[in-house]
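Chain letters run A, B, ... following the sequence lines, proteins first, then strands; residues in each count from 1. Below, each value reflects all heavy atoms present in this structure, side chains not excepted, and no hydrogens, waters or symmetry copies.
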There are 2 protein chains.
Amino acid sequence: MAKVEFNIACTLCEHLKDSLFNGLGPEDISRINNHKTCVQYKKGQNIFYEGTRPTGLYCMNGGKVKVYKNNVQGKEFIIYIAKPGDFLGYRALLSEEFYQATATVLEDAKICFIPKESFFEVLQKNPLFMKRVVQAVCHEMGIMEEKLAELAHKSVRERLAANLIMLKETYGMEGEGSFLIDLALSREDLASIVGTATETVIRLLSEFKTDGLITFEGKKIRILDARKLAKQADLIVA
Amino acid sequence: MAKVEFNIACTLCEHLKDSLFNGLGPEDISRINNHKTCVQYKKGQNIFYEGTRPTGLYCMNGGKVKVYKNNVQGKEFIIYIAKPGDFLGYRALLSEEFYQATATVLEDAKICFIPKESFFEVLQKNPLFMKRVVQAVCHEMGIMEEKLAELAHKSVRERLAANLIMLKETYGMEGEGSFLIDLALSREDLASIVGTATETVIRLLSEFKTDGLITFEGKKIRILDARKLAKQADLIVA
DNA sequence: CTCTCTTACTGACAAAAGTCATCTTTTCCG
DNA sequence: CGGAAAAGATGACTTTTGTCAGTAAGAGAG
């Protein structure tokens, strides 16, 4: 269960093109590359904890990680799920605050750690990169505003449908006219994404299944009828 | 009801010290100052609309503005309430997207408009300012994450209490050992902040009043026992 | 000043969702 | 392989909250 180090040159990283580092000059890439540490994590391991101070940036090279907050009663709320190419923990790093959430590995992951200093150095001498980071952060914020409004006024059924659609957009693998959500989520995790009880998710999922909107494939969900599901997500009665 | 222009030099603006522009060099301040347009708005007027493209930044000089999203059924969710010194509409501006929310005046307001170009110019030639903006945006994002988790797992009662405490922190005026929330909010607006129905807010407020936690003072709310109210906001039974 | 329109309030009821208890199935490890 | 633990599923019940309908009170316009 111990963490295992590995190493991949950033220039050879297959996810570079999906990440915010894409477009950096060779000089900056090599600065990042020379200072990073890459670690393999097993499912269930934690990357960072709520309340601790960030010392750098995590950049996903493989696997899936959930970032979540725990409330007083131990109920989890998942803020987002990081996939290869994503940055992890940049919010707290940039605002110079403590982590406000915990990150735990959902599917065995390879994650590179870039020390704060190196990241900030590249950020400061590269206005275009800075601009793209700001743009990304503000875009994220827009998504959160959307989620807030959704959480405030949509029913659990609508939210579950909406989140399934969203997961399809991000993790969907097309095949046979349907989409497999390539993410082994427990019902409990799905409940933590939607913001509801596990039992409610189970019940609604089996309703969706009965209605022919989805099927289960091992631990994964296949979206059979994205259109109808999207209708369930809306507030439109029609 | 027509908009009325007015003008105040940024250097003389009493809210400069509270704003992100604080700390800018005289050159940059005057660049902002020379390009801004200041307008007085009446209660109920709109500053910008969801779905339109931002053309600049709004900087509050007086009054209060609500920024909210409307869902399909016309239910409002208030994302935040801007006060003097606050920037308005910077998220969409920085992410180069359309506005995702609408801004409407709650209390007669004076708002300065800074064209996109001037703002970006100052931003680009002033790394320290850029850094502070990034920090502010990321801090905001932390607050939204907090709200998200709260909305997902707290009861309406807890959320109302939590929001009253929050309003107290931002708009509270101390006096006689209690705090007056200096913000003329309708029950409907308060419901849109908490994410619930107007009737529910009315009922809970009158419960809080019966329990001696708050009183009403005209359209405003006075917090009598912030400690007890904070307990109502927590999930702790003790 | 009064009429109207909006906002505040109250009650009754229905629907949604959470909780608890129990059972089954799957997964994980020694 | 087998047994324990975790995850999934289902039912019964309670609580919370939203909705609808109707009344009262306050604010604004003429």
Pairs under 3.5 angstrom, nitrogen or oxygen only, protein versus nucleotides 28-30 of chain C, please.
none

* **Any A/R187 side-chain nitrogen or oxygen under 4.0 Å from OP1 or OP2 of D/dA9** => yes
* Which whole-number value in Å describes the distance from B/D189 CG to C/dT6 P? -> 15 Å
* To do: Would you kindly give the CD-to-P distance between A/E188 and D/dG8, to the nearest whole Å?
  => 8 Å
* To do: Take atom CD of A/E207 and atom P of C/dA16, then tell me their distance rounded to the nearest Å.
  => 10 Å
* A/I81 and A/D86: which non-hydrogen atoms are nearest, and at how many Å? -> O-OD2, 4.2 Å
* Asked: To the nearest Å, how far apart are B/K42 NZ and D/dG28 C1'?
  -> 14 Å
* Where is the tightest heavy-atom contact between A/R187 and A/V201, given as atom of each residue plus distance? -> O-CG1, 4.1 Å
* Structure fact -> B/M141 and A/E140 have their tightest heavy-atom pair at CE-CB, 3.5 Å
* Closest-nucleotide ordering on DNA chain D, the 5'-leading residue of B/V156 and A/K219 -> A/K219
* **Distance in angstrom units between B/K75 NZ and D/dT17 P, rounded** => 14 Å
* To do: For the residue pair A/F77 and B/H153, categorise the inter-ring angle as parallel (less than 30°), tilted (30 to 60°) or perpendicular (more than 60°).
  => perpendicular
* What is the distance from NZ of B/K220 to P of C/dA8, rounded to the nearest Å? -> 15 Å
Quick test: give all pairs of protein nitrogen or oxygen and nucleotides 3-5 of chain D nitrogen or oxygen below 3.5 Å, distance rounded to 0.1 Å.
none

* **Atom of A/A162, atom of A/A233 and distance for their closest heavy-atom approach** => N-CB, 3.5 Å
* Asked: Okay, side chain of A/K69, backbone of A/I79: is any donor-acceptor separation there less than 3.5 Å?
  -> no
* Asked: How long is the line joining CZ of A/R159 and C1' of C/dA16, in whole Å?
  -> 11 Å
* **Closest approach of B/D211 to B/R157 (non-hydrogen atoms, all atoms of both residues)** => OD2-NH2, 4.2 Å
* Expressed in angstrom and rounded to an integer, what is the separation of A/E158 atom CD from C/dA17 atom C1'? -> 14 Å
* DNA chain D: 5'-proximal contact among A/A152 and A/S186 (nearest heavy atom) -> A/S186
* Contacts to DNA chain D from residues 196-205 of chain B, heavy-atom cutoff under 4.0 Å, which residues? -> B/T196, B/A197, B/E199, B/T200, B/R203
* Hey, which of B/E188, B/E107, B/E76 is the one that makes salt bridge (charged side-chain N to carboxylate O under 4.0 Å, His left out) with B/K66? -> B/E76
* For A/D182, the option from A/R222, A/K168, A/K220 that meets salt bridge (charged side-chain N to carboxylate O under 4.0 Å, His left out) -> A/K220
* Asked: Out of B/D189, B/T102, B/T104, which residue meets the side-chain hydrogen bond (donor to acceptor under 3.5 Å, both in side chains) rule with B/Y68?
  -> B/T104
* Structure fact -> Winner on side-chain proximity to A/S206, out of D/dT10, D/dT19, D/dA7, is D/dT10
* To do: State whether B/D108 and B/K42 are salt-bridged, where the test is any N-O pair (Lys NZ or Arg NE/NH1/NH2 against Asp/Glu carboxylate O) under 4.0 Å.
  => yes
* Structure fact -> Scanning both residues in full, the closest heavy-atom pair of A/L88 with A/L57 reads O-CD1, 3.9 Å
